[in-house]
There are 2 protein chains.
Amino acid sequence: MQLINRDTDYAIKALMHIAKQNSERIPVSELAKILEIPNPFLRKILQILNKRGVLNSYKGKGGGFLLASSPDKIFLKDLINIFQGPVKLNECIFKKSICPDIKICALRTRIDALEKHVISELESITLASLLEDGASLHS
Amino acid sequence: MQLINRDTDYAIKALMHIAKQNSERIPVSELAKILEIPNPFLRKILQILNKRGVLNSYKGKGGGFLLASSPDKIFLKDLINIFQGPVKLNECIFKKSICPDIKICALRTRIDALEKHVISELESITLASLLEDGASLHS
DNA sequence: TATAATGATACTAATATAGTATCATTATAA
DNA sequence: TTATAATGATACTATATTAGTATCATTATA
Ligand code: SF4
Ligand code: SF4
C-alpha cells in the first residue's frame, strides 16, 4: 500500500525546483533534464497542475511555469487529491453492502478516525515545509 | 487511495462468517453462495488464508474451512499484509534517489510517524472486535 | 468406490498507472 | 512579419496490478 504514486512524486520534485527559481519562468524541457523525468510525462503533469491552479503557465518563447501561490499554501494533501483522488481509507469495509447500522459501527468509527488523522497530517505538510529542510534536498 | 482491496474485503467477510459457525467446517460452495462472491475467487482467497495459517482446511467429503486461531488473534493488519503486502505509506517521497540526509529529514520523520500510527491502529483491530459489534454485521 | 471437498497452478479479463505522440495555439524576438 | 520556442489539448500505447476463471490432481468420507 503506497500513499504517493509517481505523478504525485514527480509533481513534488518539480514544484520544489520551480519554487527555488525566484519567480523565473522555467520551461518543461529544462526541468525534465534536471529531474531526469521523461519530458512528455512531466509536461502532462505540469499541465494538470496549471489547470488545477497550482502553477501558472506562460506560452511562447521564453515561457514556462511559475508557482501560482506561495509554497506555504501548497499542501501535500492537495497534490495527492489532484493525481490520486481523495484519500479514502475505506468507504466502508464491506463496500458493496448497505449497512443498517452504519452510525454505531465500532469498526467504521475507528477507520474514520484513522482517515481523519492521515488527512490532517497530510494537510500539515506544505511545499514550504519541504523546502525549509533544504539540507536534505537533492537531485 | 484505498486501504483495503477486494481480496482483503472478501477475506474479512468470509472469516467473520466462518467464525460464527462454532467450529463447524464450512465449504467454499456454501460461503460463496451466502456472501455472493464468485466461488473460484473465494476459493483462491481461502486457499491463501490456509497457506498463511489463518484457516485450517479439511479435504474430502464433509470437508471445509475452520479458523486456525481464535478471532482475537486474527488482526486486520495481517490480512492486509497477506493480500496487499506491507503497509508502507512511502518508502521515501523521492523514491528513486538516495538521500544524503535521510536521518534528519523532517518530511520523512512525519511520514514515518504517520505510517506507525496507521499500522498500530490496524494492529488493534481484530476479527473479534468486528464480531463484537454483532448488531451491525450483515451478509 | 463414487463423490464432495480442497491443493496447486496456470490462464484470461478488466482496470489503473505510466508513458508517448501529435497537432494546435500563442508569445517573443530577430 | 515570421521563425521559433514554448504550452494546450487530446488521443494513443505500454505496463503493472487487480479481479476473476478454469482445470486437473489429491484426499477424506460415507
Ligand atoms: S458500518 Fe461497520 S458493519 Fe456496517 S458495512 Fe460499514 S464496517 Fe461493515
Ligand atoms: S529523506 Fe527527505 S529529502 Fe531525503 S529523499 Fe527522503 S523525503 Fe526526500
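Only a predicted model underlies this, so the values are computations on that prediction, with no experimental measurement involved. Each chain gets a letter, A, B and so on, in the order the sequences are listed, and its residues count up from 1.
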Got a second to check how far [X]'s [atom1] is from [Y]'s [atom2], nearest 0.5 Å?
| X | Y | atom1 | atom2 | value |
| --- | --- | --- | --- | --- |
| Leu127(A) | Lys73(A) | CG | NZ | 12.5 Å |
| Leu35(B) | Met16(B) | CG | CE | 10.5 Å |
| Leu49(B) | Ile18(B) | CG | CD1 | 7.5 Å |

Just how far, in rounded Å, is [atom2] of [N] from [atom1] of [X]?
| X | N | atom1 | atom2 | value |
| --- | --- | --- | --- | --- |
| Tyr10(B) | dG20(D) | OH | P | 5 Å |
| Asn56(B) | dA5(C) | CG | P | 18 Å |
| Gln2(A) | dT17(D) | CD | C1' | 14 Å |
| Ile48(A) | dA18(C) | CD1 | C1' | 12 Å |
| Glu30(A) | dA6(D) | CD | P | 9 Å |
| Ile18(B) | dA5(C) | CD1 | P | 15 Å |
| Gln47(A) | dT25(C) | CD | C1' | 12 Å |
| Ile4(A) | dA16(C) | CD1 | P | 20 Å |

Go ahead and name the base partner of [N]; Watson-Crick or wobble counts if both distances stay under 3.5 Å, otherwise write none.
| N | answer |
| --- | --- |
| dC24(D) | dG7(C) |
| dT28(C) | dA3(D) |
| dA14(C) | dT17(D) |

Does a side-chain N or O of [X] approach OP1 or OP2 of [N] to a distance below 4.0 Å, or not?
| X | N | value |
| --- | --- | --- |
| Arg43(B) | dA5(C) | no |
| Asn5(B) | dT17(D) | no |
| Ser57(A) | dA6(D) | no |
| Asn50(B) | dT6(C) | no |

- Task: Let me know, please, whether Gly63(B) or Leu42(A) comes out on the 5' side of the other along DNA chain C by nearest nucleotide.
- Result: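 Checking each residue's closest nucleotide, the 5'-ward one belongs to Gly63(B).
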- Given DNA chain C, 5'-ward residue of the pair Arg25(A) and Leu46(B), judged by closest heavy atom: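 Mapping each residue to its closest nucleotide by heavy atoms, the 5'-most match is Leu46(B).
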- Query: What is the nucleic acid contact for Pro40(A), judged by heavy atoms within less than 4.0 Å: base, sugar-phosphate only, or nothing?
  - Reply: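 Answer is base: heavy atoms of Pro40(A) come under 4.0 Å of a base.
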- Message: Does Gly62(B) reach a base, just sugar-phosphate, or nothing at all? Heavy atoms under 4.0 Å.
- Response: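 Gly62(B): no heavy atom of the nucleic acid under 4.0 Å.
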Return the nearest nucleotide to the side chain of [X]; candidates are [options].
| X | options | result |
| --- | --- | --- |
| Lys44(A) | dG20(D), dT20(C), dA5(D) | dT20(C) |
| Lys61(A) | dA9(D), dA29(C), dT21(D) | dA29(C) |
| Arg6(A) | dA18(C), dA8(C), dT6(C) | dA18(C) |

- Message: Minimum heavy-atom separation for Pro71(A) and Ala19(A), please, with both atom names.
- Response: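 Scanning both residues completely, I find the closest heavy atoms to be CG-CB, 4.4 Å.
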- Message: Both Lys59(A) and Phe83(B) contact DNA chain D. Taking the nearest nucleotide for each, which residue is further toward the 5' end?
- Response: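 It is Lys59(A) whose nearest nucleotide is closer to the 5' end.
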- Regarding Asn5(A) and Thr8(A), is there a side-chain donor-to-acceptor distance under 3.5 Å anywhere?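 Side-chain D/A pair, Asn5(A) to Thr8(A): present.
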- Can you check whether Ser124(B)'s main-chain N or O pairs, donor with acceptor, with Arg110(A)'s side chain at less than 3.5 Å?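 Yes, because the side chain of Arg110(A) sits within donor-acceptor range (under 3.5 Å) of the backbone of Ser124(B).
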